[in-house]
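The structure appears right after this line, and notes come after that.
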Amino acid sequence: MSRLAKRKAPRILPGSLITLRRKCGKPSCRCGAGDPHESPALSYSVAGRTKMLTLRPEEVEEVAQAVARYRKSVNDLAAEAQVELDELVARVRATRASDRR
């Protein structure tokens with residue numbers, strides 16, 4: 001069994017935590033009067049298509065933490081890439097400016 005398969009809680013997850021609200025269709029249910037059923041879910045994309053994974057209440061916190069770690073990683077990588085790009089642009093411009101002299 002792989003190390004990932006042995007792990008109980010996800011370490012990093014793309015997507016967003018959402019709350020699904022829906023009516024079950026039973027005429028006598030409270031949702032028929034405008035109080036829909038709510039379920040936490042993870043919304044994520046696969047090959048450009050949005051998927052939903054309904055979560056149990058006890059799974060919400062660990063999924064929220066994994067989503068937050070993913071977002072932080074993406075933001076950190078974007079910031080690092082911007083610094084690298086800025087440095088490259090400055091170096092190329094400086095080289096070209098000195099070549100013109």
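Computed from a predicted structure; not experimentally measured.
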Does some side-chain heavy atom of [Y] sit less than 4.5 Å from a side-chain heavy atom of [X]?
{"X": "T19", "Y": "P40", "value": "no"}
{"X": "S16", "Y": "R71", "value": "yes"}
{"X": "L88", "Y": "R91", "value": "yes"}
{"X": "Y70", "Y": "I12", "value": "yes"}
{"X": "L42", "Y": "K51", "value": "no"}
{"X": "L55", "Y": "L17", "value": "yes"}
{"X": "K72", "Y": "V74", "value": "no"}

Shortest non-hydrogen contact from [X] toward [Y]:
{"X": "C24", "Y": "C31", "value": "N-SG, 3.2 Å"}
{"X": "P10", "Y": "A66", "value": "O-CB, 3.6 Å"}
{"X": "P36", "Y": "R30", "value": "O-NH1, 3.6 Å"}
{"X": "E62", "Y": "E59", "value": "CG-O, 3.2 Å"}
{"X": "V67", "Y": "G15", "value": "CG1-O, 3.4 Å"}

For Y44 and L53: C-alpha separation, side-chain torsions, deciding distance, then whether side chain to side chain contact (heavy atoms under 4.5 Å, CB included) applies. CA-CA 8 Å; Y44 61 100; L53 179 64; 4.1 Å; yes
Can you tell me if S39 and R22 form a side-chain donor-acceptor pair at under 3.5 Å?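 Checked: S39/R22 side chains pair up, N/O donor to acceptor below 3.5 Å.
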If you measure from CD on E80 to CG on L85, what distance do you get to the nearest 0.5 Å?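 Reported value, rounded in 0.5 Å steps: 12.5 Å.
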R69 (side chain) donor-acceptor with R11 (main chain) under 3.5 angstrom: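 Confirmed, R69 side chain pairs with R11 backbone.
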